[in-house]
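First comes the structure, then the notes that go with it.
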Amino acid sequence: MARIEHAKTQNPQIATLTFWGGVGTVTGSKYLIETKNSKVLIDCGLFQGLKELRDRNWQAPPFDPASIDAVVLTHAHTDHVGYLPALVKNGFKGEVYCTRATAELARIILEDSAELQEEEADWRNKKGLTEHQPALPLYDRNDVRRTLKLFRPQKGGTEGFQAASDIRVQWWPAGHMLGARSLRVEVSGAGAHGETRSIVFSGDIGRWNQPVLRDPVTPHPADYVLVESTYGDRLHEDEDPREALAEVIRDAHARNAPVLIPAFSVGRTQDILYHIRELEDAGEIPIVPVRADSPMAAEATQAYLRMAEEHDDDTRELTQRKRNPLRTKSMGFSSSREESRRLNEETGARVIVSAGGMMTGGRIIHHARQLVSNPEATICFVGFQAAGTTGRRILDGEPEIKLYKEWFPVRCRIKKIGGFSGHADYNELLGWLEPLAKVAPRQVYITHGEPEAALAMQGHIKERFGWNVNVPAYGDSIELR
């Protein structure tokens, strides 16, 4: 795609869409719609993984945050909401639109993010493990409090709502996590003759028949389509993730050994708890202690139980029978740091589900320091590991990993269960795109994927539908003509 200099997007007669994240990577999602009257940002995520990406979080924003009228969120994961407090810190005073569930989970995630950043900065300063004097968080809890005041949860749905005077948003379930939505955005007067132009933002598309959540639904056709490509170059394995998890737990029980599961506190942790509870109910695994080590996971689990409007039929039936679908028979949440530290004093067979999901920070690092060199321990990955993350390095077979600037040999058992992914594979994405073929889009843009995955998804879409498909780069702009 030909690059358009961002300065040109200031032409008041041209509506534009600029990719300020979520391209060339699975993190940092930010898509800026500009018209002659308004500016709306779709998602406001934190960059994660490679240092060159993480450095963008600390650079001045590539647009003026004070000029943004509104932010619309597809869902509450950090790579889609984690930069919001920094946006506010840099001058944003608009409104943040999302579902009720996304607002609640974003609160939990952002408060936890700020607290962890402050704790890690303090820890690095005490240990002298910082290149900067002193180490500082990207944002603090006060920035988060200011951010949360800007949230405006919407019922949304196909009836939609106005995000700005000339920008209207509709949404449909995306199945990725509680409250996740795919968006269809109508931009009034964007066409060459003043016609309305429409854009579909897939957000992150989940999988069908997953615990708790309703299945993904495709929005109505649109002029432009942005589709994620996290697994654009692969199909999910045929293995039954439930049985694979059962085998890991049975093996750990037989060897009286620990299992460490890196998992996002919101979404993946609840999936794991649901499956362990089901396996216990069916008598397919022995009862072992299950520890969810994250105050955020504890709060998020309660939110998952409260948000009945997001539940699928099976979960609704369980809760109506007063059953807790997310509680195992020997389970505990570790909220305080002291409770978390005590987990490393426990012995025997046990399952520790700990944040964060890619082992880039959080309590999982402290557990990994204890277990990664233990040949009897198992680290079980149940989600995507982005390039440059500690989890990816372990999966790639690196013999040593650095945890808080100290090197540890990797001697533990390593297991990857692909079936727990919260993202559709390329065949499932093609199925999700199928209803949009009723009126072929003018252009499709591949987002939220590492380069090989995005290029592969481009090829799959061209082969299946014959559509015009491009893979944009960071900072690219398109005119919505």
Polar side-chain atom of [X] near backbone of [Y] as donor-acceptor pair, under 3.5 Å:
X	Y	answer
Thr389	Ala386	yes
Gln385	Gly383	yes
Asp43	Gly45	no
Asp143	Asp140	yes
Asn470	Pro472	no
Tyr304	Leu178	yes
Gln154	Gly156	no

If you compare all heavy atoms of [X] against all heavy atoms of [Y], which two are closest, and at what distance to 0.1 Å?
X	Y	answer
Tyr139	Gly82	OH-O, 2.8 Å
Ala174	Pro216	O-CG, 3.4 Å
Thr328	Met331	OG1-CB, 3.0 Å
Phe333	Leu273	CZ-CD1, 4.1 Å
Val200	Arg184	CG2-CG, 4.1 Å
Phe381	Leu395	CD1-CD2, 3.6 Å

I'd like to know if [X] and [Y] make a salt bridge, using a cut-off of under 4.0 Å between side-chain N and carboxylate O.
X	Y	answer
Lys51	Asp55	yes
Arg342	Glu346	no
Arg107	Glu299	yes
Glu309	Arg214	no
Arg268	Asp271	yes

In Å, rounded to the nearest 0.5 Å, how long is the span from [atom1] of [X] to [atom2] of [Y]?
X	Y	atom1	atom2	value
Ile42	Thr74	CD1	OG1	9.0 Å
Ile394	Glu398	CD1	CD	9.0 Å
Glu400	Arg393	CD	CZ	12.5 Å
Phe47	Trp58	CZ	CH2	15.0 Å
Leu136	Glu118	CG	CD	10.5 Å
Leu17	Leu32	CG	CG	8.0 Å

Aromatic plane relationship, Tyr445 with Phe19 - under 30° parallel, 30 to 60° tilted, over 60° perpendicular: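 Ring orientation of Phe19 relative to Tyr445: tilted.
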Whether His176 and His75 hold their rings parallel, tilted or perpendicular, with breakpoints at 30° and 60°: perpendicular
Residue pairs involving residues 357-369 (criterion salt bridge (Lys or Arg N to Asp or Glu O under 4.0 Å); sequence neighbours excluded):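 Residue pairs with at least one partner in residues 357-369: Asp293-Arg363, Arg369-Glu406.
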Passing option when Leu305 is tested against Thr315, Leu326, Val212 for side-chain contact (heavy atoms from CB on, under 4.5 Å): Leu326
Within 6.0 angstrom of Lys155 NZ, more than 12 heavy atoms from elsewhere: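 Atom NZ in Lys155 is not crowded, with 12 or fewer foreign heavy atoms closer than 6.0 Å.
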By salt bridge (Lys or Arg N to Asp or Glu O under 4.0 Å) - contacts of Arg168 (at least two apart):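 Expected list: none.
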Between [Y] and [X], is there a side-chain heavy-atom distance shorter than 4.5 Å?
X	Y	result
Val471	Leu455	yes
Phe420	Ile261	no
Leu343	Glu339	no
His236	Ser421	yes
Pro258	Leu371	yes
His366	Gln370	no

With a 3.5 Å cut-off and no angle check, do the side chains of [X] and [Y] form a donor-acceptor pair?
X	Y	value
Ser336	Glu338	no
Tyr474	Thr25	no
His448	His423	no

Cation-pi check, Lys30 onto Tyr83 ring (under 6.0 Å, within 45° of axis): yes
Axial cation check for Tyr231 ring with Arg234, 6.0 Å and 45° limits: no
Side chain to side chain contact (heavy atoms under 4.5 Å, CB included) between Asp476 and Val23, worked out: CA-CA 10 Å; Asp476 280 351; Val23 286; over 6 Å; no
Residue pairs fulfilling side-chain hydrogen bond (donor to acceptor under 3.5 Å, both in side chains) with at least one residue in residues 84-98, sequence neighbours excluded: Glu95-Tyr97, Glu95-Arg152
For residues 408-419, tabulate all N or O donor-acceptor pairs below 3.5 Å that involve a side-chain atom, not counting sequence neighbours.
from	atom 1	to	atom 2	distance (Å)
Arg413	NE	Pro375	O	3.3

Ring centre gap for Trp171 and Phe161 strictly below 6.0 Å: yes
Just distance, no hydrogens or angles: give the donor-acceptor pairs under 3.5 Å from side chains in residues 352-360, sequence neighbours left out.
from	atom 1	to	atom 2	distance (Å)
Ser354	OG	Ile364	N	3.3

Side chain to side chain donor-acceptor pair (under 3.5 Å) against Ser202, all qualifying residues, sequence neighbours excluded: none
